[in-house]
Student: 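Here it is, the structure in full.
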Amino acid sequence: MDPVASSQLTESLVKRLAGPSTGKAGLAKDQTEINRIIAEASKGSKFYENEKKKDKDLTERIARILKLRGEAIEGVDLTKIEHHVDKIIIDLENERDLSQVIVHFDMDAFFANVELLHNPTLKGKPFSVGGGVISTASYEARKYGVRSGMPSFIAKKLCPELILLRSHFEWYNEESNKVFTILRRYDPRLSAAGCDEGYLNITPYLQKHNLTPGECVEEIRRTVHAETNLTVSAGIAPNMMLAKICSDKNKPNGQYHLAFDSKAIIDFMGDLSIRKVPGIGRVNERLLESVGVKTCGDVYTHRAVLYLMDKQFGLRFLLRTYLGIASNEVKPYERNERKSIGAERTFPPLSSTKDMLDKLEEVAAELESDMESSGWIGRTVTLKFKLDTFQVFTRAKSLNHWVNKKEELFAVGKELLFPELPTSVRLIGLRVTKLKDLKASTSEGIKRFFGPAQQATSGSKRKASDIDEDEADDASVDQEEHDSDDDVMPGFHEQDEADIDPSQHDVDDDEELQIIQPLANIRKRPPNSVPGTSISHQLTLRSRSKSAGPSRSHGAAIAEPSTTTSTPSETHTCPICNEALTSNNTSLNEHIDYCLSRDAIKQAQGTSTKGNKVLSSGDTTKEYALNGFKRLKLRPDPPVKSKRKG
DNA sequence: GCGGATCAC
DNA sequence: TATGGTGATCCGC
Ligand SMILES: Nc1ccn([C@H]2C[C@H](O)[C@@H](COP(=O)(O)OP(=O)(O)OP(=O)(O)O)O2)c(=O)n1
Ligand SMILES: [Mg+2]
Ligand SMILES: [Mg+2]
């Protein structure tokens with residue numbers, strides 16, 4: 001039975017309820033039936049109501065985008081714009097670098113297969129790992145539609161024989177470390193991107209051993225299996241984005257080698273769902289679909305509209321995905337890339353102030369412990385809370401001094417929480433940003449030459465230190481044996497300095513990317529770093545109705561007065577010259593004609609400045625490539641409340 | 001600097 | 001009955 005036809009459910013809501021992890025490896029037989037069961041099980045819950053609201057908001061946002069599109073294309077000569085975009089494509093094509101062999105490795109059903117090592121009798125059975133929410137499922141369970149992020153009670157409905165296992169993070173860390181250690185034999189620059197995946201640039205290794213990429217990757221995968229009894233899949237391609245997409249192609253326990261050829265790559269991308277592109281999630285998938293873009297190839301078809309709506313969609317990002325162009329710089333995570341550290345906890349909704357403060361205190365203690373053992377202090381504290389309606393809010397406060405003590409974390413959290421009361425919350429969290437590294441080897445600038453930085457420093461001045469002070473006093477630095485490693489993957493902390501080349505080579509997309517890239521330029525031929533790509537633009541048409549404050553009731557959220565779209569003079573930014581425009585159609589068209597007629601293109605690209613936020617938006621590269629894997633937080637397995645049986 | 005959103009794993 | 005935790009980034013204010 002069709003869940004949409006048989007009720008007032010919309011297609012988008014049914015799909016949303018099915019979760020973000022659909023379309024992953026391990027196909028299911030009848031997704032419609034699965035979605036029906038999920039929607040059925042969800043209906044009426046607070047979670048469901050919240051999802052429904054989010055879906056409605058998104059639908060409205062799409063309506064605004066379509067309206068904008070209608071206005072933008074009215075009377076415009078699309079052919080002319082297409083020609084212009086074709087020129088941009090030629091420039092982008094020149095960024096293409098096929099010289100490096102990049103491989104992305106991703107462990108198969110990672111948590112599940114690690115569990116299998118400890119309990120082989122589960123082999124071949126449908127089982128999942130997690131708690132109330134499933135972290136991952138065995139491939140047998142996936143056939144039933146069980147997947148990451150799904151609540152266990154729904155998974156049970158989909159697969160009554162499903163075996164639910166609790167997590168053992170120490171085990172996953174252990175295996176993860178083993179695997180990464182193996183991978184580093186083939187390229188010490190391994191870029192870990194999560195606990196179960198990472199990138200290698202095997203170009204030098206291939207040369208030295210006179211191997212083909214396929215042979216080499218088979219060998220690596222064989223070795224991983226031999227030494228861990230775990231299977232891994234891999235993708236071989238000229239850059240990280242493509243390699244990641246490819247590693248999914250022959251999952252599980254397979255590999256895929258993309259031809260290193262411009263046309264072959266474009267063909268490959270042509271049919272590919274845009275949702276497969278790292279950075280395009282459920283929301284952006286829907287937004288793009290609304291303007292006809294479902295595959296990467298559709299980007300080309302709709303290039304004129306995407307050009308006109310560059311602010312909403314990010315033309316250059318999309319063109320790169322269409323072309324299959326992305327960064328190929330593989331480098332390890334560095335400790336100083338960390339931006340925040342936090343802890344949060346979900347519990348049955350609480351309304352009493354005392355109960356909430358108790359939770360806050362627990363979270364503060366846990367955060368203190370983590371900050372202490374990993375060697376960080378920070379000066380901005382952010383409280384996060386989720387109402388029993390599932391609406392999430394954050395409240396932040398920046399301080400003049402460094403904090404990491406539970407008493408102060410708790411005090412600040414309390415201060416941030418009180419104005420929100422009374423309310424009923426199901427989650428409380430604390431996060432600290434503006435970090436300072438207590439383990440940094442002396443002040444930045446001078447790097448240490450030898451040995452792991454022992455904490456030295458005396459300090460111990462207690463109490464608030466001025467943040468201007470460069471040396472980290474305060475925050476007793478007294479961990480020693482406890483260590484258990486820090487939050488950085490073992491390996492090298494700092495390979496060496498190397499000159500930092502501040503001159504970005506970016507054509508136009510400016511911005512960050514590799515401010516610091518220690519190893520890359522040691523190589524004689526530094527891999528081309530394509531500026532990157534970013535979904536960035538979260539298509540914000542100005543009108544995220546600010547929703548009501550947390551204390552207000554859920555349904556009451558009325559779009560606040562003005563600020564909403566519809567105001568006839570939307571401002572646009574001309575993607576050619578970056579000039580701000582008023583979207584009066586005639587003037588917009590005239591302007592575009594003008595820009596197209598003069599050969600302003602090169603000039604614009606050369607001079608593009610920060611003014612242009614959209615195109616700029618840095619590089620999502622980081623999201624899937626530069627992210628180091630910080631060890632999974634080990635926490636004692638939660639007390640198993642034995643179910644009944646008594 | 002803050003808060004909401006989106007995304008990945 | 002019942003929908004996780006950690007960290008990053010981007011955008012508009
Ligand atoms: N929402 C999620 C997604 C993943 N994970 C954890 C469990 C996974 O085992 C691990 C790796 O994530 P993957 O996306 O690589 O998924 P799997 O390795 O489980 O399966 P696949 O074979 O598809 O890679 O991260 C999680 O806890 N919560
Ligand atoms: Mg995996
Ligand atoms: Mg993975």
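Both backbone and side-chain heavy atoms feed into the values below; hydrogens, waters and symmetry mates do not. Each chain gets a letter, A, B and so on, in the order its sequence line appears, and its residues count up from 1.
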Student: Nearest whole angstrom, please: distance from the C1' of C:dA2 to the CD of A:Glu40.
Tutor: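 My rounded result for the distance is 15 Å.
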
Student: Base, sugar-phosphate or nothing for A:Thr136? Non-hydrogen atoms, less than 4.0 Å.
Tutor: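 Contact class for A:Thr136: none.
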
Student: Between A:Arg147 and A:Thr136, is any side-chain donor less than 3.5 angstrom from a side-chain acceptor?
Tutor: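 The answer is no; no qualifying pair exists.
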
Student: Is the phosphate of C:dG12 approached by A:Lys311 (side-chain N or O, under 4.0 Å from OP1 or OP2)?
Tutor: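 Yes, A:Lys311 has a side-chain N/O under 4.0 Å of OP1/OP2 on C:dG12.
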
Student: Check the distance between C:dA2's C1' and A:Asp388's CG and give it to me in whole angstrom.
Tutor: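 After rounding, the reported distance stands at 14 Å.
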
Student: Could you state the CZ-C1' distance from A:Phe347 to C:dT3, rounded to the nearest angstrom?
Tutor: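 My rounded result for the distance is 15 Å.
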
Student: Test of understanding: with ring-ring contact (aromatic ring centres under 6.0 Å, His included), list the residues that count as partners of A:Phe347, not counting sequence neighbours.
Tutor: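 Residues passing ring-ring contact (aromatic ring centres under 6.0 Å, His included) with A:Phe347: none at all.
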
Student: Which sits closer to the 5' end of DNA chain B, A:Asp106 or A:Leu58, going by the nucleotide each is nearest to?
Tutor: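 The answer here is A:Leu58.
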
Student: Between B:dG3, C:dT9, B:dC9, which one does the side chain of A:Lys339 approach most closely?
Tutor: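 Closest nucleotide among those given: C:dT9.
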
Student: Please pick, from C:dA8, C:dG4, B:dC9, the nucleotide with the shortest atom-to-atom distance to any side-chain atom of A:Lys244.
Tutor: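 The answer is B:dC9, which lies nearest to the side chain.
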
Student: In whole angstrom, what separates A:Leu158's CG from C:dA2's C1'?
Tutor: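 Computing the A:Leu158:CG to C:dA2:C1' distance gives 14 Å.
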
Student: Should the ring pair A:Tyr199 and A:His104 be called parallel, tilted or perpendicular, given that the plane angle runs from 0 to 90° and is split at 30 and 60?
Tutor: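 A:Tyr199 and A:His104: tilted rings.
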
Student: Which of these nucleotides, C:dG7, B:dC2, C:dG4, is closest to any side-chain atom of A:Ser135?
Tutor: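 Closest of the options to the side chain of A:Ser135: C:dG4.
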
Student: Nearest to the side chain of A:Asp196, which nucleotide is it out of C:dG4, B:dC9, B:dG1?
Tutor: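 Output: B:dC9.
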
Student: Do the side-chain N or O atoms of A:Arg282 get closer than 4.0 angstrom to the phosphate oxygens (OP1, OP2) of B:dA8?
Tutor: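 No.
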
Student: Would you indicate which nucleotide in C:dT3, B:dG3, B:dC7 comes nearest to any side-chain atom of A:Val283?
Tutor: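 Of the options given, the side chain of A:Val283 lies nearest B:dC7.
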
Student: When the distance from CD1 of A:Ile341 to P of C:dG5 is rounded to whole Å, what number comes out?
Tutor: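 For the pair A:Ile341 CD1 and C:dG5 P, the rounded distance is 16 Å.
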
Student: Which nucleotide wins on minimum distance to the side chain of A:Leu427, given the candidates C:dT3, B:dC9, C:dG5?
Tutor: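 My answer, after comparing the listed nucleotides, is C:dG5.
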
Student: Would you please confirm or rule out a distance under 4.0 Å between OP1 or OP2 of B:dT6 and any side-chain N or O of A:Arg286?
Tutor: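 Answer no for this pair, as no side-chain N or O of A:Arg286 is under 4.0 Å from OP1 or OP2.
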
Student: What's the separation between atom CZ in A:Phe105 and atom CG in A:Leu190, rounded to the nearest 0.5 Å?
Tutor: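 One finds 9.5 Å between CZ of A:Phe105 and CG of A:Leu190.
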
Student: Looking for any heavy atom pair under 4.0 Å, which part of the strands does A:Lys46 touch: base, sugar-phosphate only, or nothing?
Tutor: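 No contact.
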
Student: For the pair made of CZ in A:Arg431 and P in B:dG3, what is the distance, rounded to whole Å?
Tutor: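 Distance check: A:Arg431 CZ to B:dG3 P gives 15 Å.
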
Student: With sequence neighbours left out, write down each residue that passes side chain to side chain contact (heavy atoms under 4.5 Å, CB included) with A:Ile37, or none if nothing qualifies.
Tutor: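 Side chain to side chain contact (heavy atoms under 4.5 Å, CB included) check on A:Ile37 returns A:Glu33, A:Lys157, A:Leu158.
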
Student: Figure out the CG/C1' separation between A:Leu383 and B:dC2, and round it to whole Å.
Tutor: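 From A:Leu383 CG to B:dC2 C1': 13 Å.
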
Student: To the side chain of A:Thr346, which of C:dT6, B:dG3, C:dG4 is closest?
Tutor: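 Nearest listed nucleotide: C:dG4.
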
Student: Where the side chain of A:Arg61 is concerned, which of C:dG4, C:dA8, B:dA5 is the nearest nucleotide?
Tutor: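 Shortest atom-to-atom distance from the side chain points to B:dA5.
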
Student: Identify which nucleotide among B:dC7, B:dC2, C:dG7 has an atom closest to any side-chain atom of A:Asn284, counting heavy atoms from C-beta outward.
Tutor: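 So the side chain of A:Asn284 is nearest to B:dC7.
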
Student: For the base of C:dT3, is there a side-chain donor-acceptor partner from A:Ser45 under 3.5 Å away?
Tutor: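 Check fails, no donor-acceptor contact within cut-off.
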
Student: I need the NZ-P distance between A:Lys53 and C:dT3, as an integer number of Å.
Tutor: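 Distance check: A:Lys53 NZ to C:dT3 P gives 20 Å.
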
Student: DNA chain C: A:Lys384 or A:Ser152, which has the more 5' nearest nucleotide?
Tutor: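 On the 5' side of the pair lies A:Ser152.
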
Student: Going by the angle between their ring planes, with limits at 30° and 60°, are A:Tyr172 and A:Phe111 parallel, tilted or perpendicular?
Tutor: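 Correct class here is parallel.
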
Student: Is A:Arg338 near enough to C:dG7 that one of its side-chain N or O atoms lies under 4.0 angstrom from OP1 or OP2?
Tutor: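 Result: yes.
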
Student: It should be established whether A:Thr394 places a side-chain nitrogen or oxygen under 4.0 Å from OP1 or OP2 of nucleotide B:dC2.
Tutor: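 Result: no.
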
Student: When you measure from the side chain of A:Glu197, which nucleotide among B:dC9, B:dG3, B:dC7 comes out closest?
Tutor: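 Among the listed nucleotides, the one closest to the side chain of A:Glu197 is B:dC9.
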
Student: Regarding A:Lys434, tell me which of base, sugar-phosphate or nothing describes its non-hydrogen contacts under 4.0 Å with the strands shown.
Tutor: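 Since only primed, P, OP1 and OP2 atoms lie under 4.0 Å of A:Lys434, the category is sugar-phosphate.
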
Student: In this structure, are over 12 heavy atoms from other groups packed under 6.0 Å from A:Lys15 atom NZ?
Tutor: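 Result for NZ/A:Lys15: open.
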
Student: Could you tell me whether A:Ile154 contacts a base, only the sugar-phosphate backbone, or nothing, with contacts defined as non-hydrogen atoms closer than 4.0 Å?
Tutor: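 Here A:Ile154 touches the bases of the nucleic acid.
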
Student: Can you check the distance between C:dT3 and B:dA8, where both ends of the measurement are the P atom (answer in whole Å)?
Tutor: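 The answer is 24 Å between these two P atoms.
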
